[in-house]
Amino acid sequence: MLNNQIINWYCENKRDLPWRNTKDPYLIWISEIMLQQTRVVTAIDYYYKFTKRFPTVTDLALADEQEVLNLWQGLGYYSRARNLHHAAKTIHTIYKGIFPSTYKEILALKGVGTYTAAAISSFAFNLPYAAIDGNVYRVLARLFGIETPIDSTEGKKLFQNLATETMGNARPEVYNQAIIEFGALQCTPKSPSCSICPVHSNCFAYSSNMIDQLPVKSKQIKPKNRYFYYLFLSCSGRFAIEKREGKDIWKNMYQYPLIESNAELSTDQLLQSDQWKEIFDSSNLVLQSISDNIVHKLTHQNINTRFIHIDVSAEEIKKFKRFIFVNKKESEKYPFPKLINNHILNCDI
DNA sequence: AAATCGTGGTG
DNA sequence: TCACCAAGATT
């Protein structure tokens with residue numbers, strides 16, 4: 001039986017991960033959200049830090065979003081943290097702090113989709129739902145030679161049925177962990193260890209030499225260029241920050257005052273832009289320096305960034321009412337994207 | 001249903 | 001170097 005072979009492989013090869021030593025649905029939930037599109041080694045430190053500060057769902061529900069985002073700083077995909085916080089409040093108020101124990105209720109939580117709902121349902125409650133993540137898509141596509149794109153509507157249906165069939169009557173909490181771990185360690189995206197694979201004799205891709213062509217993905221991404229001019233307004237050890245609002249990237253995170261443009265700006269163009277005039281009005285200021293271009297590469301956009309260093313007098317600070325002036329120590333309470341946090345850590349102030 | 005949301009590792 | 005992509009979800 002295929003499922004038994006994978007489970008046997010798992011018993012001999014599994015890693016000792018912190019969230020595998022618990023049945024607490026809250027802790028399993030935290031780990032699953034952190035692991036979305038994120039490597040295990042990256043998530044581990046965040047998991048310890050986060051669950052130490054928020055040991056229970058009530059602790060999380062009663063926290064400020066700013067602190068939640070602060071603990072998520074550097075991990076990326078910050079909507080995960082905002083949704084996690086939102087869902088914690090739901091559990092606290094609607095479910096009186098008791099984590100829901102049915103697939104349907106878990107799936108309804110903000111930030112929990114079909115994969116995460118199946119993972120929590122099976123790991124914490126032993127419910128028979130096949131958890132299908134990127135690892136499972138890859139393993140099944142190769143074993144059965146499925147060329148339907150995994151990111152198509154048709155593919156998701158097909159793999160859902162295939163995964164449920166393959167799980168069979170195996171213990172869901174063991175089988176799901178097993179096939180995910182098998183994909184992560186054995187049936188890897190690049191150069192998988194086929195020669196020592198326990199199921200290679202039953203693998204379509206292996207026998208037909210199609211390992212590096214499966215799974216198939218259809219969608220491609222084309223990054224777009226943006227131009228950020230961050231104003232580092234400093235005055236005796238303090239600098240200006242503001243909260244990012246709106247639906248854009250880094251929502252509710254903090255940053256330096258920003259002038260954004262859809263094209264590169266010369267220094268003169270920047271100084272004469274409406275945004276510059278709006279911020280500085282009639283202020284006297286000293287433009288100290290402009291950094292080299294730093295390209296912050298994201299999946300869907302390249303953010304071309306320059307940091308404009310400006311000295312501001314104590315008198316002029318009062319004019320910038322929309323900004324918060326903090327020193328380095330105080331800034332540690334605020335959540336910043338990597339781009340900004342790196343500058344704070346390196347800036348000489 | 002396609003676009004969007006971060007960051008870091010890898011070959 | 002750079003394309004790929006990692007325990008996906010939302011709109």
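Because the structure is predicted, anything quoted here is derived from the model rather than measured. Each chain gets a letter, A, B and so on, in the order its sequence line appears, and its residues count up from 1.
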Please compare A:K222 and A:W250 by the position of their nearest nucleotide in DNA chain B and report the one closer to 5'.
A:K222
Output the residues of residues 163-194 of chain A in contact with DNA chain C, where contact means a heavy atom of the residue under 4.0 Å from an atom of the strand; sort by number or write none.
A:Q177, A:I180, A:E181, A:P189
Filter on side chain to side chain donor-acceptor pair (under 3.5 Å), then keep only pairs touching residues 322-331 of chain A, sequence neighbours left out; what's left?
A:R238-A:E330, A:E242-A:R322
Could you tell me which residues satisfy side-chain hydrogen bond (donor to acceptor under 3.5 Å, both in side chains) with A:K318, sequence neighbours excluded, listed by chain and number?
A:E315
Here the distance between atom P of B:dC5 and atom CE of A:M253, to the nearest Å, is 14 Å
Which of residues 18-25 of chain A sit near DNA chain C, with a heavy atom under 4.0 Å from it?
A:W19, A:R20
Residues of residues 334-346 of chain A with a heavy atom under 4.0 Å from any atom of DNA chain C, listed by number, are none
Indicate, with a heavy-atom threshold strictly under 4.0 Å, whether A:L17 touches base, sugar-phosphate, or nothing.
base
Proximity to DNA chain B (any heavy atom under 4.0 Å), residues of residues 30-41 of chain A only:
A:Q37, A:T38, A:R39
Considering only side-chain heavy atoms of A:T299, which listed nucleotide, B:dT4, C:dA7, B:dG6, is closest?
B:dG6
Donor-acceptor pair, distance only, cut-off 3.5 Å: does the side chain of A:N304 make one with the backbone of A:Y227?
no
Which nucleotide wins on minimum distance to the side chain of A:T153, given the candidates C:dG8, B:dT7, B:dA1?
B:dA1
